[in-house]
There are 2 protein chains.
Amino acid sequence: MKITIQDIANAANVAKSTVSKVINDSPKISGETKRKIREIMKEMNFTPSSIATRLAKQSSFNIGLLFDMSQDKDYLDPFFYNIMVGIESVIGPLKYEMTMANVHHNDPDRHFLKRLVLSRRIDGLIGNNANLTNEAAAKLEELRFPFVLMGEYDAFPVSWVDFDNAEGGRMLTGHLLEQGYRDIAFIGGEREERLFENRHRGYSDSLRAAGLPISAERTFHGIADDSHGYESVLSMLRSAPGERPDAIVCMSNQVAFGALRAAKEAGVQIPNELGIATFDDFPFSPHTSPPLTSLLIDTFKLGSAAADMLIERISYPELPRRNLLLQPELIVRESTARA
Amino acid sequence: MKITIQDIANAANVAKSTVSKVINDSPKISGETKRKIREIMKEMNFTPSSIATRLAKQSSFNIGLLFDMSQDKDYLDPFFYNIMVGIESVIGPLKYEMTMANVHHNDPDRHFLKRLVLSRRIDGLIGNNANLTNEAAAKLEELRFPFVLMGEYDAFPVSWVDFDNAEGGRMLTGHLLEQGYRDIAFIGGEREERLFENRHRGYSDSLRAAGLPISAERTFHGIADDSHGYESVLSMLRSAPGERPDAIVCMSNQVAFGALRAAKEAGVQIPNELGIATFDDFPFSPHTSPPLTSLLIDTFKLGSAAADMLIERISYPELPRRNLLLQPELIVRESTARA
DNA sequence: TTGTAAGCGTTATCAT
DNA sequence: ATGATAACGCTTACAA
């Protein structure tokens with residue numbers, strides 16, 4: 001049998017409004033009454049219905065985390081859990097819950113805007129620039145609904161958090177230069193792709209600062225996956241030994257895996273003949289042979305920073321949109337440890 | 001300004017109960033009225049408040065997915081996203097949402113039982129045998145609250161889904177035997193650990209069926225991680241070449257990574273001198289050198305099967321608790337491809 | 001087929 | 001300090 005605030009009121013011989021005030025620890029209720037009612041609530045094992053509370057309070061105390069089931073998930077997949085835990089670490093203590101929001105871009109009836117936002121099931125939303133379309137973002141802004149993106153966004157001003165990808169490019173390239181590499185290639189990423197452009201800019205900056213030439217043929221465009229890494233390295237190995245790159249910066253771990261495989265098959269010595277450094281630090285990076293020098297991004301922190309920003313937006317809707325760049329961390333391993 | 005069912009009723013000149021019936025597509029409403037009201041709803045951009053609906057319907061249409069932030073997450077981490085997507089694939093079409101439930105074992109006030117179950121924020125729960133304590137499971141049963149575990153459970157009868165770990169052990173070991181290996185070791189897992197016992201049983205079964213001896217010193221107990229794999233292989237290499245195992249079955253990919261590393265450092269040829277086969281197929285298994293023969297578990301399916309079972313429990317609470325063993329799949333790669 | 005009115009379990013506003 | 005009563009936005013008998 002379900003027990004409600006009214007049952008408690010009856011048992012305590014008070015009005016249910018009094019019980020409600022006790023639940024919310026109102027200062028207008030005497031200590032004695034509070035004690036008595038609280039005891040009764042324990043005894044009767046009462047927990048308020050959150051749904052009724054929310055209806056009355058007109059707030060769902062719930063935030064949504066966007067994902068797109070229909071989409072390729074290679075990139076965020078291994079990081080998803082950490083991001084989620086990062087978000088929980090900030091919203092949990094504030095009594096918010098988190099519900100998973102599958103976008104359903106193609107089904108107007110199940111689209112998250114309707115299912116979760118318009119139906120007021122959530123008070124705020126965290127997404128990323130891959131699963132939130134410009135159209136949806138615009139709609140959210142129009143509704144003045146609080147949301148934060150993970151990943152840079154520049155179609156119009158919204159709140160976002162991202163890692164400093166340009167700085168990451170500088171860190172990887174700078175490290176290779178310090179190790180004495182002089183002819184550094186960059187593998188992966190499509191032209192016009194924002195993520196690529198930022199990372200590549202950092203790479204170029206470093207070369208320029210070192211007074212080295214930046215040659216277009218040292219950049220291998222393509223989808224940042226294993227086979228692109230593999231093919232790119234094979235193609236650079238077709239040049240004579242003296243004319244090929246002595247190190248590479250990879251857009252992703254997948255690219256690096258492919259590059260590693262190609263180099264190994266061709267008998268190229270890593271790190272002596274070819275240094276390899278890569279963006280992203282998958283849990284597997286330490287297990288390649290040789291282990292990969294890579295750029296660690298703290299995904300827990302990505303989540304918690306996004307959540308902090310979202311809570312701020314929910315609490316102070318009129319504050320301007322903020323952006324935040326988190327710093328990556330260089331993890332040096334053997335793949336760049338030149339003798 | 002928020003628009004409600006009453007606004008629609010006014011605009012359409014009908015009672016709000018009529019609007020409600022249209023929303024729920026009641027057969028008692030004439031086609032004409034439905035059309036008219038639906039049009040008005042579009043025009044006025046109306047979406048019902050899910051909170052009010054739930055309060056009235058006395059169901060939250062929401063299921064919880066348990067996780068434990070405070071706990072080591074090595075095992076499920078890479079699979080979490082897939083499991084979640086698997087769950088969503090079955091509950092989504094049924095109009096359920098999913099909220100993340102951090103257990104909070106140590107904080108009675110924020111414990112998920114209170115926060116989510118007793119407060120009726122969710123109608124059902126999916127957890128695993130690592131994050132749900134016996135005590136909590138018992139409490140859920142007492143409340144007759146629907147829940148399903150991922151992972152075998154035998155403290156008392158509950159619904160659960162798991163992979164057939166014994167069969168997995170037979171598949172890996174059987175494969176090694178087919179390849180001609182004859183002295184097979186088993187690395188990882190603590191005595192008394194359910195998961196270990198099941199997997200090890202399959203291994204023993206296979207050896208027995210092949211008429212081979214089962215020797216206690218061929219099993220290396222320990223936490224199933226990288227360093228345990230590494231140490232175990234080092235220790236077996238201390239025996240003379242003729243007296244050491246010619247193949248190993250690993251409890252986890254981490255163990256296999258460590259084993260691979262040790263073998264490589266010692267100059268042992270894989271797969272010729274030592275075959276390696278492992279439970280679990282992390283996304284990185286294909287990228288080791290040589291690529292690892294491993295046991296693929298379909299984590300999407302794990303999630304969807306658990307969700308199917310949960311929906312059944314919610315819909316027919318009186319049905320007996322069910323258990324389901326899913327079949328793993330052997331992925332043969334070079335680490336066991338004996339010449 | 002449509003309307004009336006009483007819930008659903010809280011909170012919030014006024015009285016007292 | 002406590003109590004009555006009207007929200008909150010929807011559903012659901014029961015009437016008409």
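Letters go in sequence order (proteins before strands), and every chain restarts at 1.
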Tell me: CD1 of B:Ile37 to P of C:dT1, nearest whole Å? 14 Å
Measure CZ/A:Arg54 against C1'/C:dA12 and give the value in whole Å, please. 19 Å
I need the CG-P distance between A:Asp25 and C:dT10, as an integer number of Å. 17 Å
Above 12 or not: heavy atoms from other molecules or residues under 6.0 Å from NZ of A:Lys34? yes
Return the value, rounded to whole Å, for the distance between atom CZ of A:Arg35 and atom P of D:dA1. 14 Å
Which is true for A:Thr33 with a 4.0 Å heavy-atom rule: it touches a base, it touches only sugar-phosphate, or it touches nothing? sugar-phosphate
Would you call B:Asp109-B:Arg115 a salt bridge at under 4.0 Å N-O? no
Apply side chain to side chain donor-acceptor pair (under 3.5 Å) to A:Ser60 and A:Asp123, showing your working. CA-CA 6 Å; A:Ser60 61; A:Asp123 310 312; 2.8 Å; yes
For A:Tyr316, is the OH atom crowded, meaning more than 12 foreign heavy atoms sit under 6.0 Å from it? no
Under the criterion side chain to side chain donor-acceptor pair (under 3.5 Å), I'd like the reasoning laid out for A:Lys139 against A:Asn134: C-alpha separation, chi angles, the key distance, then a yes or no. CA-CA 9 Å; A:Lys139 183 72 181 170; A:Asn134 280 346; over 6 Å; no
Is B:Lys2 salt-bridged to B:Asp7, cutoff N-O under 4.0 Å? no
Would you give a per-nucleotide map of nucleotides 3-12 of chain D, 5' to 3', where B means the base has a protein non-hydrogen atom under 4.0 Å away, S means only the sugar-phosphate does, and - means neither? BBB--BBBBB
